[in-house]
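Below: one structure, written as structure tokens.
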Amino acid sequence: MTDIPVLQTRALRCERDDRELFAGLNWCASAGEIWQIAGPNGAGKTTLIRILAGLHGFYDGSFTWPQWLQSDADPREKLLYLGHKAGLRDELTPLENLQWWLALHAQQADPMAALAQLGLAGYETVPCASLSAGQKRRVALSLLWIVDKPVWLLDEPFTALDADGVTLIEERLRQHAASGGLVIYSSHHRFDDAVRHVRLGGKQVELA
Amino acid sequence: MTDIPVLQTRALRCERDDRELFAGLNWCASAGEIWQIAGPNGAGKTTLIRILAGLHGFYDGSFTWPQWLQSDADPREKLLYLGHKAGLRDELTPLENLQWWLALHAQQADPMAALAQLGLAGYETVPCASLSAGQKRRVALSLLWIVDKPVWLLDEPFTALDADGVTLIEERLRQHAASGGLVIYSSHHRFDDAVRHVRLGGKQVELA
Amino acid sequence: MLSAVWQTLTRWYHQWGSPRYFFQYSGVLLRWLWPLAIVATMTGLVWGLAFAPADYQQGDSYRIIFIHVPAASAALLGYVSMGVAGLVGLVWRMKMADIMIKAIAPFGAILAAVALITGAIWGKPTWGTYWVWDARLTSMLLMLFLYLGVIALINAIPDPRQAGRAASLLSVVGVINVVIVKYSVQWWQSLHQGSTLKVVGETAMPAEMLSPLLISMLGIYLLFACTVLVRARTEIMRRERKSQWLKEALQ
Amino acid sequence: MSFVATVKRELLLACRRPAEIINPLFFFVMVVAMFPLGVSPKAELLSVIAPGVIWVAALLAVLLSVEGLFRADHESGALEQLLVAPTNLYLPALAKILAHWLLTGLPLVLVGPLLGYMLHLPVSASSTLLLALLLGTPTLTAIGAIGVSLTVGLRSGGILLALLVLPLYVPVLVFGAGVVSYAANGLPVMGLLAILAALLLASLTLAPAAVAAGLRISSGG
Amino acid sequence: MSFVATVKRELLLACRRPAEIINPLFFFVMVVAMFPLGVSPKAELLSVIAPGVIWVAALLAVLLSVEGLFRADHESGALEQLLVAPTNLYLPALAKILAHWLLTGLPLVLVGPLLGYMLHLPVSASSTLLLALLLGTPTLTAIGAIGVSLTVGLRSGGILLALLVLPLYVPVLVFGAGVVSYAANGLPVMGLLAILAALLLASLTLAPAAVAAGLRISSGG
Ligand code: HEM
Ligand SMILES: Nc1ncnc2c1ncn2[C@@H]1O[C@H](COP(=O)(O)OP(=O)(O)OP(=O)(O)O)[C@@H](O)[C@H]1O
Ligand SMILES: Nc1ncnc2c1ncn2[C@@H]1O[C@H](COP(=O)(O)OP(=O)(O)OP(=O)(O)O)[C@@H](O)[C@H]1O
Ligand SMILES: [Mg+2]
Ligand SMILES: [Mg+2]
């Protein structure tokens, strides 16, 4: 790990429906860190993560990924984004859904082991429509075991999970940070003292 | 108040998407009571309230409103239902929205005072599209001050409200119960020791 | 006397309106109905197609009548019964009625398609064309569309109970419409062109042709009844698969 | 009471989003304009097919515009409030149908003769066209509303609605286009107009009840 | 890679909900069937208007079916995953267009001659009709996809899409219906077919880029 930050934002500001969600966000995140984006409903957590993922372009200020700027690569090469919605088509099985994702990310991997690890053994070839909300979430989260990307952007990764699932994911996030990755997730749930946070929704953005 | 219950359910059971939400619900609610319907996400709180409101007909068992059975009246005469969604059309102002509701309920009342009480003075003639989520919720909740009905069915009445708003609504619910009404609401928030509850989502429905 | 009949009818109505009773007795009924349907259909068709005399005008091509007419009339009958079931389902909230609609619609659509196709095949030798916009043909096409609409609606609604009720309402509306369509299309036909083509021949049919026709009609009706019962039973099994009585009945 | 209030509300809503009034009109004109382009610009031919073309375009325009009849109410939750109100749904349903027709159907009726002129329909037939559209389009709206009430909340788009509703539109199409052809050929039209009026009366009295039932079914009733 | 995977996925999806393939086909047949009812059942007249009628119906059927091209992906969140993937959107967009055409457009092409027969189009023209539809409908799907990519996530229904897209469909309509009329009258058709082929090539190469841009815009990019 160098000390060049992975993510650097400069005076990031976003407004939606004539309401300022956040402003003056100067935020520096380095490899090996876990960041929680916190704040009440409607504070702009999802919006911020979507901005970082390159999905939302209506903001002022700027952000860069300095560790890779030199290489002039597409930041998407380095990003794994999991949104609010699980992103699974109900008509397809978990396996089929994951295979399409892998093709999009041009990665080769076998999802079976990851699915089994998440307690989905036996469900690999059942249409997602007949999975419960928590099971769907697990399918989406299995990407954390399958796809190899340094930066993770996770929007509410813990929703719909039971206590076991939450522990499992927490463990995986820690592990990823320990191996030099960067985790940014939005949630009300802070699972570790080492987790740093960006708090939106107050008068000023709070970084700690 | 007689001791005839207001609401009586017999072996109420509901299934959705092949999953049993609740079964064997024998529940008796009397005038002057406040009932909370509790349970995790997807447990069936909204479904139960919609069944009681006559919006959802796919259930087994039965329920009656014995205090009015004699009069053979439409139960809707006695019910005020506020759903998950505020029910306001964005293009209309709070006043216009409320006036349509009043017409549907065949009631005459002046919404201005109630809106002012909820801190919406000055917003009466602004289109709802430019109100915040909390303000929209307040507009919907102003019906509690305007419409005169003995039974209230409220789905998540406290969402999107700030602390002040929550206190205001709690106060109103207590007042309604004290004056002989029945309040049934779904929420994770139990605001008073006197509030009784129906807990869904476990192996068995828990009444207390 | 009359009240006794009425009482029997209401008793049947209530008995057959209960999925459990229906499931039990339709199984018994089917055991008799299947052989009957197959025998009648085979007799009618074999007699008609192989042994009935050739028509003095049309030769052998007329033999398609033994498929065409039974299919067409069963399709019409099926639609009407769907409407009746829809009304019963809507007014008395009877579960079995919704199930019946779901059971009738696909086979009805197939019969309508068979009537259209056999009619078209027959049209070539008799009228010189596969298709004309004749009143009867057009209304049959519209009936096929109405069947397909009901099927599409059932498919689009995820909850089977809700789908059944929605289909009930649509079938009732559809049946009212069929009556109006029939008259409008007849009027439209008489306006635009003289009836150069007649689906129904004026000449009375000789008995050697009529009897196989009637038998194959009976056969198709019975076949229709069998498929409807079977589909209704499958639907009952799907809806009630958790109930105790079904598990016992299937033991 | 609930009737007047609902009509007023719908008109208010329409004033606040005029696009919903104008779009169906454009669609109507656009579909009709496809025919000179696709079939032939010859006046004699166009004048013969004009009644049918105008009616088919009107059918489709009404169909697609009526698709949104309950969409915003469903998504905002206002429809639930309507369903729990202690009022018979018949009157609000009738009010919605009438208001929707006033806002989207009536404009079609008014530009109908203009399109007839553009397709070289004899001028003598244009008053009949106007009258036929005036009697026929509310029927289309009312029947369409039944289809919409059954598909409210489904994310199936316009094509499902079309499958449900187009076969039900056939009588209106037949009599509506027929009466205009009669007028163009100088034949008497009163009989057919009377049939259209009868269809209108029947659909306006029966459709609101069906819509009410359909809404209850779609809400899960 | 992402192309093949997306085509495979779309075909799989279609197998799991066959209604989405069949419904546009029925809509097509139904709209065509409205014309004999509305215009006249006379063979001479029908045969003249048949090319235009079939093309207008195909236009509308493609339009309404393409409306759902991204709906389920948007609602499930799969579209977001596509947008954040480190792949050029061009290929997946092309794959979706082609797969959608294979599933909904090709059936239209195949029943086209049947409908031509029902409208008494001379049998000699039916191979041209088939060819014209084969060349024209993918263009319609591709152009429609651009409109859909811009309206994804809006709850405006089919009518807004129609307003955006129908004007762009005019060239296909003119040449497509024109070539069939030529064939029916025994005139040479190669020139017009070549134009249709050129339109097809142009739209298939350009539309995916436009769709990709449109999707980014709709997602908030
Ligand atoms: C696609 C073309 C055709 C269609 C859609 C069609 C449709 C029908 C229908 C709906 C019926 C009424 C059945 C009933 O009332 O029980 C019928 C009966 C009949 N059709 Fe056709 N038909 C077609 C072609 C033909 C042709 C070409 C012939 C022979 C010339 C023909 C001869 C008959 C006869 C003899 C009957 C029985 C008459 C009766 O029971 O009233 N049909 N057809
Ligand atoms: N599609 C949209 N169009 C316009 N405004 C939107 C849209 N989605 C969200 N907003 C607005 O942006 C604000 C921030 O929304 P966002 O989803 O980022 O909040 P959040 O912090 O993720 O909330 P939650 O805790 O509910 O997930 C909200 O107040 C909402 O009004
Ligand atoms: N429209 C629907 N169609 C089919 N199933 C539904 C529908 N809405 C909800 N469900 C199912 O019914 C179950 C109960 O949903 P319900 O909305 O009643 O839960 P809830 O207790 O209100 O949850 P929440 O706390 O999220 O509001 C859910 O598990 C869901 O799968
Ligand atoms: Mg969020
Ligand atoms: Mg709820």
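Each chain gets a letter, A, B and so on, in the order the sequences are listed, and its residues count up from 1. Worth saying up front: this structure is predicted, and the values here are computed from it rather than measured.
- Residue contact with chain D, scored on non-hydrogen atoms closer than 4.5 Å, involves the backbone and the side chain of B/Leu82 alike.
- With a 4.5 angstrom heavy-atom cutoff, D/Leu79 does not touch chain B via any of its atoms.
- In this structure, the side chains of B/Leu207 and B/Leu25 come closer than 4.5 Å at one or more pairs of heavy atoms.
- Across D/Leu13, D/Leu12, D/Leu82, the residue that shares the most heavy-atom pairs under 4.5 angstrom with chain B is D/Leu13.
- Per-residue heavy-atom pair counts under 4.5 Å with chain B were compared for D/Ala78, D/Gly77, D/Ser76, and the maximum is reached by D/Ser76.
- Residues passing the ring-ring contact (aromatic ring centres under 6.0 Å, His included) test with B/Trp27 are B/Trp35, sequence neighbours excluded.
- Counting heavy-atom pairs under 4.5 Å between each of B/Arg89, B/His105, B/Arg50 and chain D puts B/Arg89 at the top.
- Ranked by heavy-atom pairs shorter than 4.5 Å toward chain B, the options D/Leu91, D/Ile217, D/Thr87 are led by D/Thr87.
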- Task: Output, in order, the C-alpha distance, side-chain angles, deciding distance and verdict of side chain to side chain contact (heavy atoms under 4.5 Å, CB included) for B/Trp145 and B/Leu115.
- Result: CA-CA 9 Å; B/Trp145 277 262; B/Leu115 285 175; over 6 Å; no

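- Of the residues considered (D/Glu75, D/Arg17, D/Glu80), D/Glu80 shows the highest number of contacts with chain B, using heavy-atom pairs under 4.5 Å.
- Here the two rings, on B/Tyr185 and B/Phe191, have centers that are under 6.0 Å apart.
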Which side-chain N or O atoms in residues 157-166 of chain B pair as donor and acceptor under 3.5 Å with protein atoms at least two apart or in another chain?
unit_1	atom_1	unit_2	atom_2	d
B/Thr159	OG1	B/Glu156	O	3.0
B/Asp162	OD1	B/Arg138	NH2	2.9
B/Asp162	OD1	B/Gly165	N	3.0

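- Taking every heavy atom of both residues into account, D/Thr205 and D/Tyr90 meet most closely at O-OH, 2.6 Å.
- Below 30°, between 30° and 60°, or above 60°: for B/Tyr59 and B/Phe63 the angle between ring planes is between 30° and 60°, a tilted geometry.
- Looking at B/Ala53, the atoms closer than 4.5 Å to chain D (heavy atoms on both sides) sit in the backbone and in the side chain alike.
- At a 4.5 Å heavy-atom cutoff, the contact between B/Glu96 and chain D is made by side-chain atoms alone.
- When heavy atoms are compared at a cutoff of 4.5 Å, B/Leu88 approaches chain D solely by way of its backbone atoms N, CA, C and O.
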